[in-house]
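Below is one structure; the comments refer to it alone.
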Protein chains: 2
Amino acid sequence: MSDPADLQRAPTGDAGNKTSLQRGIAILRAIAAHGGSGVRLTDLARDLEMTPPTVHRLLKALVAEGMIDHDTQGKRYRLGLDLFVLAAQAGSCGTLRDLARPILLRLSATLRETVFLLVRNGFDAICLDRAEGPFPIRSFTGDIGGRVMLGIGQGSLTILAHLPEDEQQEVIRFNLPRMQGMGFLDEVYLRTAIAKVKAQGYASQHSGLLPGMSGVAVPVFDRQGRAVAALSIGTPTDRLTDERLTVVVDILRREAAGISRQLNPFDPALSRPGV
Amino acid sequence: MSDPADLQRAPTGDAGNKTSLQRGIAILRAIAAHGGSGVRLTDLARDLEMTPPTVHRLLKALVAEGMIDHDTQGKRYRLGLDLFVLAAQAGSCGTLRDLARPILLRLSATLRETVFLLVRNGFDAICLDRAEGPFPIRSFTGDIGGRVMLGIGQGSLTILAHLPEDEQQEVIRFNLPRMQGMGFLDEVYLRTAIAKVKAQGYASQHSGLLPGMSGVAVPVFDRQGRAVAALSIGTPTDRLTDERLTVVVDILRREAAGISRQLNPFDPALSRPGV
DNA sequence: CTCAATATTCCGCATGTTGGAATTTTTTGA
DNA sequence: TCAAAAAATTCCAACATGCGGAATATTGAG
């Protein structure tokens with residue numbers, strides 16, 4: 001019944017939560033991981049290995065702040081609207097998201113494809129935004145806020161491929177074990193794919209790992225030339241002919257360059273892989 | 001230099017933050033309020049009336065949790081991606097947002113208008129989702145996550161109008177003073193508008209408070225018949241003829257009813273106005 | 001290069017936090 | 001419908017953790 005929430009906590013072997021603030025955030029995470037149906041206090045306490053009174057007090061504080069909603073008849077807790085409001089302003093790290101938004105909309109309209117904006121976050125890529133096309137799409141990233149390991153999917157792969165050498169190695173070393181369970185991706189395959197992406201400057205795959213789906217992605221560079229994001233589309237495989245691919249890549253590249261030009265100097269994606 | 005952040009803290013005369021968790025959240029709020037350009041520690045300390053060491057420690061915890069990004073050269077703090085990820089799962093309170101998403105998209109496509117989904121939150125309405133139409137739009141709610149006082153704008157007004165009598169009174173009493181500065185809305189006007197909306201079951205305004213913009217909104221009821229949300233469009237005034245209005249209201253109503261039918265029993269928007 | 005402003009670390013004090021136990025409320029089962 | 005079990009909430013004393021003044025390090029300005 002437990003979800004892939006643990007995978008989200010990537011780096012250091014966490015030496016247990018320390019501050020009560022962190023405990024509170026852990027509660028938020030646990031509630032989020034549990035999904036929209038809400039969690040009961042006892043379950044939270046068990047999952048997080050805290051005592052019920054502690055969880056209760058933290059929950060009370062979170063409810064008071066509107067970060068959590070609490071069924072009035074004292075049953076379930078779920079994420080609150082204030083959290084939503086708060087984070088609506090968060091995605092726009094350096095306004096990347098705001099910058100890209102109109103571009104995504106235009107692209108999805110003109111290409112008639114579903115367009116994704118991914119950014120790096122540690123060892124993962126996160127879907128910052130997404131504009132729906134007319135075709136039903138399956139993707140690794142899922143909806144806005146979704147995350148995938150760096151290397152899985154075209155957009156994510158593009159970011160990985162354009163990372164500085166040492167960071168790239170570190171990510172690969174960290175992610176390969178995580179990919180074991182998925183059973184279709186080995187080191188050779190990954191490194192080959194990376195090399196190819198780096199060489200041609202974009203990632204594409206006809207009939208990829210998701211049956212019937214294809215993807216095309218280009219990197220988005222910041223002013224310092226770091227690949228901070230990827231612009232990508234997902235589409236039914238049969239829609240993506242070779243000629244179309246060429247055109248799509250071209251258009252994506254142009255838009256990515258446009259974004260780069262507007263990007264502020266500070267880097268939107270951060271890494272802190274060692275911390 | 002300070003933003004309308006204080007307005008977000010609606011209800012009780014806050015007797016100062018108590019728990020450190022709440023202090024931490026206050027910091028998140030302060031950073032959010034400051035916008036994407038980032039805040040310095042000292043400014044946070046001043047704004048929140050905390051000492052620099054306290055702010056620093058809390059920030060450190062928040063950074064460790066990925067809720068905040070910290071320029072490596074030790075300058076500015078901004079909201080982090082993990083917060084974004086966390087809250088991406090929050091908006092779907094009771095899956096209202098997820099339910100409505102495809103409907104918004106369809107509406108914006110068929111009507112060629114910008115469509116909004118608003119929910120109540122205390123004395124405000126929050127923009128849960130928004131699907132762009134082809135026309136440039138100005139709205140009170142702004143983008144996803146934006147908030148307006150209940151009563152301002154057609155969607156927000158619709159929710160207010162359909163509230164239970166006592167809650168409606170309470171909201172009006174609370175919001176009227178807040179509207180003073182805006183200088184175009186008095187009590188008579190507001191009550192008249194509410195009565196009209198309640199009577200016709202939808203809100204509309206040719207040439208509203210935003211020059212050149214018009215809006216149409218219908219309430220979305222939950223299973224208990226409470227108006228928990230509003231579905232609305234914003235459009236250039238000259239686009240909204242009387243005949244078109246009729247049709248639009250009709251379509252919006254139909255879709256709102258569709259959402260209602262699918263709504264879970266628990267109420268997605270919560271009020272706790274007295275707490 | 002110096003000085004002022006800001007960020008960060010230190011550390012003793014005390015305040016907020018903690019969890020066992022008690023109490024109230026809700027759910028389960030008969 | 002009621003009784004028993006489980007969960008939620010409150011209490012409180014022990015104490016760990018967060019607090020802030022002061023010291024230090026770092027950054028930025030002139």
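What you see is a predicted model; the values in this text were computed from it and never measured. All chains are named by letter (A, B, ...) in the order of the sequence lines, taking the proteins before the strands, and each is independently numbered beginning at 1. All heavy atoms count here, side chains included; hydrogens, waters and symmetry mates do not.
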What residues form a side chain to side chain contact (heavy atoms under 4.5 Å, CB included) with Pro102(A), not counting sequence neighbours? none
To the nearest Å, give me how far apart CG (Leu48(A)) and C1' (dT17(C)) are. 17 Å
Between Leu62(B) (CG) and dG18(D) (C1'), how many Å, whole number? 14 Å
In this structure, how many angstroms lie between the P atom of dT26(D) and the CG atom of Leu41(B), rounded? 16 Å
Who are the side chain to side chain contact (heavy atoms under 4.5 Å, CB included) partners of Pro164(A), not counting sequence neighbours? Asp166(A), Glu167(A), Arg226(A)
Residues two or more places apart in sequence or in another chain: which of them pass side-chain hydrogen bond (donor to acceptor under 3.5 Å, both in side chains) with Gln168(B)? none
Calculate the interatomic distance between Gln22(A) atom CD and dA16(D) atom P; express it in whole Å. 19 Å
How many Å lie between CZ on Arg76(B) and C1' on dA5(C), as a whole number? 14 Å
When the distance from CG of Leu21(A) to P of dA16(D) is rounded to whole Å, what number comes out? 21 Å
Below the 4.0 Å mark, does dC19(D) have OP1 or OP2 next to a side-chain nitrogen or oxygen of Arg23(B)? yes
Between C1' of dT28(C) and CZ of Arg40(A), the distance in whole Å: 12 Å
Determine the interplanar angle of the Tyr77(A) and His70(A) rings, folded into 0 to 90°, and report it as parallel if under 30°, tilted if 30 to 60°, perpendicular if over 60°. parallel
Between dA6(D) (C1') and Arg46(A) (CZ): distance, integer Å: 13 Å
For Arg40(A), side chain to side chain contact (heavy atoms under 4.5 Å, CB included) partners two or more places apart: Asp43(A), Arg76(A)
Side chain to side chain contact (heavy atoms under 4.5 Å, CB included) partners of Asn175(A), counting only residues at least two apart: Phe123(A), Met149(A), Leu150(A), Val171(A), Arg178(A), Met179(A)
Can you check whether Ser20(B) has a side-chain N or O nearer than 4.0 Å to OP1 or OP2 of dT17(C)? yes
Between residues 51-60 of chain B and DNA chain D, which residues have a heavy-atom gap below 4.0 Å? Thr51(B), Pro53(B), Thr54(B), Arg57(B)
